[in-house]
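Report on the structure given below.
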2 protein chains.
Amino acid sequence: MIYSSELIKGTLKTIVLKLLEDNGRMYGYEITQKVKDLTGDRIQITEGALYPTLHVLEEDGLLVTDVEYIGKRVRKYYRLSNEGKAKTNEKVSELRDFIGTIQFLLDLKPQNS
Amino acid sequence: MIYSSELIKGTLKTIVLKLLEDNGRMYGYEITQKVKDLTGDRIQITEGALYPTLHVLEEDGLLVTDVEYIGKRVRKYYRLSNEGKAKTNEKVSELRDFIGTIQFLLDLKPQNS
DNA sequence: CTGCAATACCTAAGTTTCTTATGTATCTTT
DNA sequence: AAAGATACATAAGAAACTTAGGTATTGCAG
């Protein structure tokens with residue numbers, strides 16, 4: 001089962017930031033594969049969603065890049081800036097908190113009106 | 001603290017369906033207030049987001065409506081159709097599952113490369 | 001040794017879905 | 001009497017995704 005894409009919306013940035021926090025540095029394609037692996041294929045980040053997101057995070061100063069060549073093939077590594085590290089903590093705790101709230105809503109019992 | 005709106009995206013439909021499942025029938029304005037109350041103001045569904053969503057769910061056959069008058073003021077009550085009840089179960093369990101996956105990602109420990 | 005799949009980057013058009021702003025009207029409270 | 005709450009609704013714009021491409025290199029199976 002693959003989650004409907006609308007669920008991923010809104011969590012994509014946070015997931016990317018968290019992965020970079022855990023792994024130090026990663027390149028785009030690696031991120032798509034890592035998420036796929038870690039979630040047993042349930043979350044599949046498309047490249048069309050990921051690359052623009054990475055570019056925005058970089059523009060916002062949260063990520064910095066360095067390029068490496070593997071043979072002739074280019075690899076663009078991303079890692080967190082200091083600002084990005086702070087933002088990651090913010091976003092991760094907001095998401096944790098949000099999840100708690102949603103679980104509360106989902107666990108409510110039917111009201112007998 | 002109010003959750004950034006991007007987090008709500010993707011969960012709005014499911015939350016609305018779940019509330020209707022619990023409460024039998026509700027009108028739009030009531031839903032916005034209920035969510036606000038239940039979440040201690042942390043999730044605020046705007047009317048600009050809610051009404052179009054309700055209309056879409058109705059068009060999709062998941063909700064049925066009946067109108068009541070409170071004095072001269074109109075109230076449009078929504079409740080789940082049979083199809084809507086099935087869909088609600090689907091969406092709720094998908095969201096529960098998704099939350100589990102996200103929590104797993106958020107709880108991963110940093111990798112010492 | 002060739003062709004396909006995987007690796008690796010990227011962008012653009014279109015769609016969905018939300019935000020923001022506005023409109024209308026009634027009811028309640030000060 | 002005015003302001004805020006209740007209650008519906010829509011429309012323009014923005015954001016963020018999907019889908020569909022494009023380019024190029026590398027590895028592997030037949």
Side-chain angles (χ1 to χ4, degrees), chain A residues 2-17 19 23 25-37 41 43-60 62-63 65-78 91 95 98, chain B residues 2-17 19 23 25-37 41 43-60 62-79 91 95 98:
Chain A
I2 298 171
Y3 300 125
S4 69
S5 60
E6 53 180 18
L7 281 178
I8 285 95
K9 297 183 192 183
T11 57
L12 177 56
K13 276 186 188 172
T14 308
I15 289 171
V16 168
L17 291 171
L19 278 178
N23 295 281
R25 58 175 215 157
M26 300 179 84
Y27 54 98
Y29 186 78
E30 185 185 11
I31 293 174
T32 64
Q33 298 308 304
K34 190 80 173 178
V35 170
K36 205 162 165 288
D37 287 351
D41 291 5
I43 298 182
Q44 300 194 9
I45 299 178
T46 61
E47 301 189 330
L50 180 63
Y51 287 118
T53 297
L54 288 171
H55 299 161
V56 168
L57 290 172
E58 189 183 7
E59 271 171 49
D60 291 349
L62 304 180
L63 302 184
T65 60
D66 48 303
V67 167
E68 274 189 23
Y69 281 86
I70 309 299
K72 284 180 186 168
R73 192 154 54 191
V74 72
R75 242 186 220 175
K76 196 165 163 190
Y77 277 97
Y78 290 87
K91 300 274 279 179
L95 182 50
F98 178 71
Chain B
I2 298 170
Y3 300 125
S4 69
S5 60
E6 53 180 19
L7 280 178
I8 286 96
K9 296 181 191 183
T11 58
L12 177 56
K13 275 186 190 173
T14 308
I15 289 171
V16 168
L17 291 171
L19 278 178
N23 293 280
R25 56 174 217 160
M26 301 178 82
Y27 54 98
Y29 186 78
E30 186 185 11
I31 293 175
T32 65
Q33 299 307 305
K34 191 80 174 180
V35 170
K36 204 162 165 285
D37 287 351
D41 291 3
I43 297 181
Q44 300 194 8
I45 299 178
T46 62
E47 300 188 329
L50 180 64
Y51 287 119
T53 297
L54 287 171
H55 300 162
V56 168
L57 290 172
E58 190 183 6
E59 271 172 50
D60 291 349
L62 304 181
L63 302 183
V64 288
T65 60
D66 48 304
V67 167
E68 275 190 20
Y69 282 87
I70 309 298
K72 283 180 187 169
R73 192 153 55 189
V74 72
R75 239 185 223 176
K76 197 165 163 189
Y77 277 97
Y78 290 87
R79 57 194 165 74
K91 299 275 278 180
L95 182 50
F98 178 71

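Here is how names work: the chains are called A, B, and so on, in the same order as the sequence lines, proteins then strands, and each is numbered from 1. All values below come from the heavy atoms of this structure, side chains included, with hydrogens, waters and symmetry mates left out.
A:R75 comes within contact range of the sugar-phosphate backbone alone, with a heavy-atom separation under 4.0 Å but no base atom that close.
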For DNA chain D, what dot-bracket results from Watson-Crick or G-U pairs at under 3.5 Å, with [ ] for crossers and | for inter-strand partners? ||||||||||||||||||||||||||||||

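For A:K34 and C:dA6, the NZ to C1' distance is 18 Å, given to the nearest whole Å. Rounding to whole angstrom units, CD of residue B:E68 and P of C:dT26 are separated by 19 Å. To the nearest angstrom, P of C:dA25 lies 19 Å from OH of B:Y29. Between A:I2 atom CD1 and D:dT18 atom C1' there is a gap of 14 Å when expressed in whole angstrom units. Remark: C1' of D:dC8 and CD1 of B:I45 are 16 Å apart, rounded to the nearest angstrom. Distance CG (A:D66) to P (C:dA8): 15 Å, rounded to an integer number of Å. At whole-Å resolution of the value, CE in B:M26 and P in D:dT6 are 14 Å apart. Note: CG (A:D37) to C1' (C:dA6) measures 14 Å, nearest angstrom.
By the 4.5 Å heavy-atom criterion applied to side chains, B:D41 and B:I2 are not counted as neighbours.
Here the shortest heavy-atom pairing between B:K13 and B:T53 reads CG-CG2, 3.9 Å. The nearest pair of heavy atoms linking B:F98 to A:Y3 is CD1-CD1, 3.4 Å. Summarising the geometry of A:K34 relative to A:L19, their closest heavy-atom pair is CG-CD2, 4.2 Å, with the distance given to 0.1 Å.
Separation of atoms CG (A:L54) and OG1 (A:T65) is listed at 10.0 Å; rounding is to 0.5 Å. The CG atom of A:L7 sits 6.5 Å away from atom NZ of B:K91, with the distance rounded to the nearest 0.5 Å. Within the model, atoms CD of A:E6 and NZ of B:K9 stand 12.5 Å from one another, a figure rounded to the nearest 0.5 Å.
For A:R73 against D:dT26, a side-chain-to-base donor-acceptor contact under 3.5 Å is absent.
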Acceptor/donor pairs from residues 67-78 of chain A side chains to any protein atom, 3.5 angstrom cut, sequence neighbours excluded:
| residue | atom | partner | partner atom | Å |
| --- | --- | --- | --- | --- |
| A:E68 | OE2 | A:R25 | NH1 | 3.4 |
| A:E68 | OE2 | A:R25 | NH2 | 2.6 |
| A:R75 | NH1 | A:Y77 | OH | 3.1 |
| A:R75 | NH2 | A:Y27 | OH | 3.3 |

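Residue order along DNA chain D, read from the 5' end via each residue's closest nucleotide, puts B:E30 first among B:E30 and A:K72.
For the residue pair A:T32/A:Q44, the side-chain donor-acceptor check at 3.5 Å is not satisfied.
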Just by protein heavy atoms under 4.0 Å, how would nucleotides 10-21 of chain C read 5' to 3' in B, S and -? BB-----SSBB-

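Within the 4.0 Å cut-off from OP1 or OP2 of C:dA8, at least one side-chain nitrogen or oxygen of A:Y27 is found.
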